[in-house]
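All residue numbers refer to positions in the sequence shown, counting from 1. The analysis underlying the following values was restricted to heavy atoms, covering all of them including side chains, and did not include hydrogens, waters or symmetry mates.
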Amino acid sequence: MTDTHQVLIVGGGTGGLTVASQLLSRDDAPEVAVLEPADTHYYQPLWTLIGGGVFDKEESARPMGEVMPSGATWIQDAAAEVDPEGGTVTTRGGDTHGYDRLVMAAGIQIDWDGIPGLAASVGQPGTGVVSNYSYDTCETTWDAIQNFPKGGTALFTEPTTGVKCGGAPQKIMYLSDDAFRRQNVRAGSRIAFMKAKGSLFSSPPYEETLYDVVERKDIDLNLMTELTALEPSKKQATFQHLESGEEETIDYDLIHVVPPMSAPDFIADSPLSDEEGWVDVDSGTLQHTRYDTVFALGDNSNLPTSFALGDNSNLPTSKTGAAIRKQAPVLVDHLMATINDAASANGTYSGYTSCPLVTGYGKLVLAEFDYDKEPEESFPFDQTEERYSMYALKAYGLPRMYWNGMLKGRM
């Protein structure tokens, strides 16, 4: 064992850095180490607008060394194995780190190989296959939008699995519709949303607005329909209709693919996981259900919700950076209570998440809701309406709040 840390955080994404900053800002701050291999930290919510041509992708990136909280020890390596019985984490580099308290914030695994034909074609010229779910490919979405032919077919997909930001698969579709109209290629063209889940959006008050948007934009909505394979050389995509089991192959000019996603393998293979592979935590305290010294938040946790798949399947909660803002202080409070031997801790996570639903250039519905899918809103007006003010908040306000506030533990 190379060292032991009072608090070891696995992951230097939004969740890991926010928790580290909040811990280190306390008067009784513990010693904190962050295990993170990447050189660069990304503000991923901006990738939708990058794909829509609003920003250059460099706007979403900062060197990891610049955003790592002051006072934290940065271990630039990746976790490979967790042993909660022994209180250790082993890295890919072969080092073993001990901990008194462990925070799992390792994010979600994007399974690019989960759809045959996707990994080799995404973002490649001439394939028509794009995705905003990677820094390296998000700008190619805008290239494909700009070169979309009059009378073409544009497909937008969403898998059965949980994904980063449940609204992102359709945001780029609405921006594409606007762009096609500006380019005078929308008339006679087809835009289709191929969504493997059973509803357009998980919170009904906002879903009603989105159905109006789909109707207004003349989008062909196909629920319970999942992408299963691509033939980029032919520009063909194969889908399975989940209720009937039937398959359909569709010719496309542009296809924006949201790849299937899962818990990171090292978590799924560890004692920390639930039956689906996610870190098994209490939905209110974010403390592990079996290991009192382990906590988790963000994408790698199993915080519960129903995604309306048509079979009432239970999947982890909406995976948005905004959810971290409410999860982090609860986790920090309960973690510090265990360090200080406090009888109890204040704060319970309500399941709050926020999804800024871009419905076009200059239009956005700010969805905010809890575990029960009931609105938990921040502003004194009807947030189910499309507003420019909320679009401006997403495009210009939230990135500044993220870099200058959230990652510094100030909100």
Side-chain angles (χ1 to χ4, degrees), residues 108 110-118 129 131 133 153-174 176-177 189-231 234-263 274-278 302 304-319 353 355 357 367 369 371-373:
I108 198 169
I110 299 184
D111 300 322
W112 294 101
D113 292 322
I115 299 172
L118 174 59
V129 181
S131 180
Y133 277 84
T153 295
L155 306 177
F156 297 83
T157 77
E158 181 177 344
T160 55
T161 66
V163 299
K164 294 181 182 184
C165 186
Q170 54 190 292
K171 297 178 196 179
I172 188 60
M173 176 174 66
Y174 302 139
S176 297
D177 172 81
S189 295
R190 180 192 181 200
I191 295 179
F193 190 23
M194 320 300 281
K195 178 166 181 168
K197 300 180 178 73
S199 64
L200 183 57
F201 193 68
S202 56
S203 179
Y206 306 104
E207 182 183 40
E208 184 176 345
T209 300
L210 294 177
Y211 272 114
D212 290 341
V213 173
V214 165
E215 182 177 1
R216 182 181 78 227
K217 291 178 174 290
D218 191 26
I219 290 170
D220 181 5
L221 177 61
N222 299 267
L223 300 176
M224 302 296 290
T225 305
E226 184 159 38
L227 176 66
T228 57
L230 288 167
E231 281 199 66
K234 297 180 180 179
K235 288 194 173 181
Q236 291 182 333
T238 300
F239 296 88
Q240 182 180 42
H241 300 280
L242 299 181
E243 291 176 313
S244 68
E246 295 180 358
E247 290 193 339
E248 177 184 11
T249 298
I250 302 174
D251 295 328
Y252 66 82
D253 297 284
L254 179 158
I255 182 168
H256 179 272
V257 178
V258 179
M261 303 181 198
S262 62
D274 66 4
E275 293 180 355
E276 302 299 325
W278 309 98
N302 72 338
T305 192
S306 169
F307 269 89
L309 293 176
D311 59 358
N312 296 319
S313 294
N314 218 28
L315 288 173
T317 191
S318 299
K319 297 180 179 299
T353 192
C355 186
L357 293 157
F369 50 93
Y371 278 135
D372 296 323
K373 303 299 180 294

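- Other residues, nucleotides and ligands place more than 12 heavy atoms under 6.0 Å from the CD atom of Glu248.
- Taking the side chain as every heavy atom from C-beta outward, Leu230 and Val257 approach each other to under 4.5 Å.
- With rounding to the nearest 0.5 angstrom, the OG atom of Ser203 is 11.0 Å from the CD atom of Glu208.
- Thr161 OG1 to Asp111 CG: the interatomic distance, rounded to the nearest 0.5 Å, is 7.5 Å.
- Expressed to the nearest 0.5 Å, how far CG of Leu155 lies from CG of Leu227 amounts to 9.0 Å.
- Closest heavy-atom contact between Ala263 and Trp278: N-CH2, 3.4 Å.
- Annotation: side chain of Cys165 is in contact with side chain of Lys171 (closest heavy-atom distance under 4.5 Å).
- Summarising the geometry, atom CD1 belonging to Ile110 is positioned 7.5 Å from atom OG belonging to Ser131; distances are rounded to the nearest 0.5 Å.
- Between Tyr206 and Phe369, the ring planes lie tilted relative to each other; the angle falls in the 30° to 60° range.
- Partner Ile255 forms a side chain to side chain contact (heavy atoms under 4.5 Å, CB included) with one of Thr153, Leu118, Val129 and no other, that one being Val129.
- Between Gly245 and Gln240, the closest heavy-atom pair is O-NE2, 3.6 Å.
- Using a 4.5 Å cut-off on side-chain heavy atoms (C-beta onward), Ile191 and Lys217 make no contact.
- Phe156 approaches Phe193 most closely through the heavy-atom pair O-CD1, 3.2 Å.
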* Check the pair Asn302, Glu276 against side-chain contact (heavy atoms from CB on, under 4.5 Å), reporting the backbone distance first and the verdict last. => CA-CA 9 Å; Asn302 72 338; Glu276 302 299 325; over 6 Å; no

* To do: Output, in order, the C-alpha distance, side-chain angles, deciding distance and verdict of side-chain contact (heavy atoms from CB on, under 4.5 Å) for Ile250 and Met194.
  => CA-CA 11 Å; Ile250 302 174; Met194 320 300 281; 3.7 Å; yes

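- A pairwise comparison of heavy atoms in Tyr133 and Pro169 identifies OH-CD, 3.7 Å as the closest pair.
- For the residue pair Glu226 / Thr160, a side-chain donor-acceptor distance below 3.5 Å is found, with atom types taken as modelled.
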* Start with the C-alpha gap between Tyr174 and Leu210, add the side-chain angles, then the distance that decides, and say whether side-chain contact (heavy atoms from CB on, under 4.5 Å) holds. => CA-CA 10 Å; Tyr174 302 139; Leu210 294 177; 4.1 Å; yes

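- For Leu200 against Lys195, the heavy-atom pair with the smallest separation is O-NZ, 2.8 Å.
- Looking at Lys164 and Met261, their side chains come closer than 4.5 Å, going by heavy atoms from C-beta outward.
- Here the side chain of Thr157 pairs a donor or acceptor atom with the backbone of Val258 at under 3.5 angstrom.
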* To do: Assess whether side-chain contact (heavy atoms from CB on, under 4.5 Å) is satisfied between Ser202 and Lys197, documenting all intermediate values.
  => CA-CA 10 Å; Ser202 56; Lys197 300 180 178 73; over 6 Å; no

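- Contact record, Gly198 with Leu223: O-CD1, 3.5 Å, taken as the closest heavy-atom pair.
- The closest side-chain heavy-atom distance from Phe239 to Asn222 is not below 4.5 Å.
- Annotation: Glu243, atom CD; neighbour count of heavy atoms from other residues, nucleotides and ligands within 6.0 Å does not exceed 12.
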